[in-house]
Each structure stands twice: as structure tokens, then as C-alpha cells.
Amino acid sequence: MTSRQLVARAAALALTAAAAVSSMTALAADPIRVGLVVPMTGPFAYMGRQIEAGATLYLAEHGDTVAGRKVEIVIKDDVGVPATTKRLAQELVLNDKVTVLAGFGLTPQAFAAAPIATQSKTPMVVMQAATSSVTEKSPYIVRTSMTLPQVTGAVANWAASNKVKKVVSMVSDFAPGVDAETTFKELFTAKGGEVVESLRMPIITNDFAPFLQRARDANPDAIFLFLPAGDSAAIFMKQFAERGLDKAGIKLLGTGDIVDDDVLGQMGDVALGTITSHHYSAAHPSALNKKFVAGIEKANKGMRPSFMAVGGYDGMRVIMEGLKVTNGAGGEALVNAMKGQQFESPRGPVQIDPQTRDIIQDVYVRKVERVGGQLFNVEFDSQKAVKDPGKAK
Ligand code: PHB
């Protein structure tokens with residue numbers, strides 16, 4: 001065995017031992033800790049801000065006590081760096097004795113933490129990372145966000161039925177981008193459309209000009225776009241307009257990540273008319289969503305919730321309802337108590353798939369419109385109870 005393998009073996013043993021000790025020594029008066037690992041600083045800080053807001057609101061609305069014990073969120077900032085995510089997850093299990101690991105903004109972070117969940121038998125609730133394969137990385141993972149293949153199908157169908165024939169696909173070059181690219185191409189071409197170019201762009205860049213030039217040269221009817229939600233989509237939109245692609249009649253399509261509610265308000269008119277498919281809009285017309293939007297705004301200085309806040313809110317719901325069933329216990333029992341949960345979310349009806357531990361949900365087709373002076377994703381069509389199609393392969 002190399003010294004690296006030895007260190008890894010020792011760390012794995014420590015995690016297993018920690019899990020055993022913490023389940024033996026939990027006292028009725030001890031709080032139950034949920035370790036929330038998210039980016040709170042750096043380029044993906046908005047993810048942590050939204051997820052924390054959602055998780056915190058759930059406890060504020062529904063109470064933070066279960067089986068006579070208080071539930072505490074222990075928040076850790078991984079700055080979006082996977083090696084940090086892994087170290088923090090390990091520390092949360094060993095030192096803070098958390099019952100649940102949660103959060104995980106980006107796919108590489110979820111991948112990095114998965115072995116810690118498996119070794120320590122700690123349930124890991126993925127509230128955001130959205131590559132299809134995330135849930136396959138540990139039997140302790142339950143996901144309350146979405147998957148890219150799940151949300152991409154509806155916009156591919158919309159394009160094929162609305163006179164869009166030729167598309168240039170543009171995605172960020174990492175796992176969720178590849179998931180989006182593959183799903184769009186497969187479904188759109190199956191319905192007679194053509195993807196004439198598939199461009200992959202750096203995850204973090206302020207310069208989309210070379211890619212937009214290539215896209216324009218291909219003279220498509222539309223661009224299909226996936227970028228991680230946040231500021232980069234706003235920068236892309238601005239450059240899309242500056243280079244005259246909108247004037248050239250090229251439609252912008254994508255997953256809802258590109259018109260995320262967190263930044264849509266600041267995007268300006270260039271975003272008007274953008275058609276996307278996604279599982280959540282702040283404009284979703286339900287009483288529960290209106291209450292959710294008002295609750296997030298009130299507790300966070302007017303912040304509009306995005307799909308990430310909903311992932312945090314529903315993730316906390318799944319944890320709390322699971323803990324009620326297990327009487328505060330974690331481990332495999334808690335994972336089992338999360339499987340199959342079915343409830344109304346601010347996004348609409350959802351279920352945790354008992355087989356895959358992934359979320360089953362409605363996916364909406366939406367158009368950016370001005371409502372009461374502000375830009376919103378207005379839902380006009382939907383697919384019901386969509387499972388992640390990535391799992392079927
Ligand atoms: C991911 O890393 O899985 C991810 C990040 C941002 C998104 C969607 C997915 O908007």
C-alpha cells in the first residue's frame with residue numbers, strides 16, 4: 001500500500017468509527033446538526049446565498065424542533081472548490097457530528113463529497129448540483145434540485161414544434177453542460193431538427209465574443225444555451241445583443257439557468273422573449289409560491305428567490321419530515337424515510353423517486369415577459385411528473 005492509500009484508508013476508518021460513535025452517544029438534548037456545504041464567497045456565492053435563504057426559511061416557517069431536539073444548520077463556505085468541499089464534509093462528520101450533509105452548488109463539489117457520505121453512512125441532500133449522474137455517486141444521496149436532462153426535454157420539444165429548424169448549441173464545458181447538450185441534440189434531432197454546431201465554453205469567462213461569432217456565422221434559427229445560473233448569463237445576453245444576433249432574428253432558447261430569477265431583474269430588455277424550460281419560476285402562479293416568494297423577500301432584503309432557494313427549502317422539508325419518521329436518527333434509516341416523499345413545493349407537485357432518490361417534478365416552458373414593470377419567466381406550458389431521463393440509459 002502506498003502512503004497515500006494508507007492515509008485514505010485511515011481517513012475512511014475514522015469516518016466509519018465517527019458514524020458509529022455519534023449514533024451511540026446522541027443524547028435526547030443534543031441538537032441535530034445539518035452541515036450545509038455551499039459556496040458563500042467567490043464567483044458562485046449567489047448559490048450559497050439562495051440555498052441558505054431557502055433552508056433557513058423552511059425552519060422559520062415550520063419550526064426547528066424534531067423528536068424533542070433542535071435542528072441546527074452549520075454552514076460551511078467551500079468557495080466552489082471541490083477539494084475544499086471534501087475537507088469540509090469530512091470535518092462536519094468527524095468534528096461537528098452532523099446527521100446530514102446538505103447543499104452542494106456545483107457538480108464537481110457533489111462528486112467530491114459523495115465518498116464521505118458513503119464511508120460515514122451520512123445522508124447527503126443535494127440541493128443544487130444538477131448533473132444526472134450525481135445521485136449514482138453514493139446510495140446516501142437524495143436530490144431536491146433537478147437534473148439537466150430532466151429540464152432540457154421541454155425546450156427541445158418546443159423548438160421542434162415552433163418552426164425552429166437549425167440550432168447552434170452553446171454550453172459551459174463541464175458535466176451539466178454536456179448533459180444539456182446531449183439531451184437537446186438527441187430530442188431535437190429525433191423530431192427533425194438539426195444541431196449545426198455544438199460549442200463548449202469555459203465555465204468562468206467574461207468573453208463570449210469568439211463563440212458568438214461562430215454561432216452567427218452558422219446562421220441558425222436559434223441558439224440553445226446552458227450556462228451555470230448567475231452573472232455569466234447576464235454578460236452573455238449583453239454580448240449577444242451587442243453583436244446583433246437578436247437583430248439578425250436568432251432566437252435565444254435554453255434551460256432556465258440562463259434567466260435565473262436571481263439576476264433576471266437586472267438583465268434588461270435583451271432577455272425579453274427568451275424561451276426556456278425549467279422546474280421553477282418566481283412567477284409560478286400558486287398560493288404556496290406567492291407565500292414562499294414573500295417569505296424569502298422579507299427575510300433577505302427584497303431578494304427574489306431563484307430555483308436554488310427552492311432546492312434549499314424543499315431539501316430542508318425532506319430532511320425534517322424524514323427525521324420525524326426516524327425519531328431523529330440518521331444513516332440509512334433517514335435515507336429510507338426521505339425516499340418516496342411526495343408533497344407540494346413552491347415549484348408545484350414533487351416526489352422523491354424511491355428507486356433513484358432523485359426528484360420527480362413538473363417541467364414548465366416559459367417566456368421572459370415584463371410583469372408589473374419587472375422581468376419574469378411566465379410559464380405557458382408544462383410536462384407533468386418528469387423523471388430524470390438520464391437514469392434510463
Ligand atoms: C452544476 O454544477 O451542477 C450546476 C451549476 C449551475 C447550474 C446548474 C447546474 O445552473
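As a basis for the values below, the full set of heavy atoms in this structure was taken, side chains included, without hydrogen atoms, waters or symmetry mates. Whatever order the structure lists them in is the order used to number ligands and atoms, beginning at 1. In this chain, residues are counted from 1 in sequence order.
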> Step by step, would you call Val37 with Leu92 a side chain to side chain contact (heavy atoms under 4.5 Å, CB included)?
Replying inline: CA-CA 9 Å; Val37 193; Leu92 282 165; 3.5 Å; yes
>> Go through it in stages, so that I can follow the logic: the residues are Asp64 and Lys70, the test is salt bridge (charged side-chain N to carboxylate O under 4.0 Å, His left out), and I'd like the CA-CA distance, side-chain angles, deciding distance and then a yes or no.
In response: CA-CA 6 Å; Asp64 61 358; Lys70 202 171 147 54; 2.8 Å; yes
> Are Arg143 and Asp358 close enough, and set up right, to give a salt bridge (charged side-chain N to carboxylate O under 4.0 Å, His left out), and what steps lead you there?
Replying inline: CA-CA 5 Å; Arg143 176 156 47 192; Asp358 224 329; 2.8 Å; yes
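Ring to ring, His278 and Phe307 are close: their centroids are under 6.0 angstrom apart.
Annotation: atom 8 (C) of ligand 1 to nearest protein heavy atom, Asp257 OD2, 3.3 Å. Nearest non-hydrogen protein atom to atom 2 (O) of ligand 1 is Thr107 N, 2.8 Å. In this structure, the protein non-hydrogen atom closest to atom 9 (C) of ligand 1 is Gln128 NE2, 3.6 Å.
Between Met308 and ligand 1, not a single N/O pair is under 3.5 Å apart.
Phe44 does not count as a contact of ligand 1, since none of its heavy atoms falls under 4.0 Å from the ligand. Put simply, part of Met47 is less than 4.0 Å from ligand 1, judged by heavy atoms.
Asp77 places a side-chain N or O within donor-acceptor distance of the main-chain N or O of Met40, the cut-off being under 3.5 Å.
At a 4.0 Å heavy-atom cut-off, ligand 1 touches Pro176 through the side chain alone.
Remark: Glu332 does not engage Lys121 in a salt bridge, criterion side-chain N to carboxylate O under 4.0 Å.
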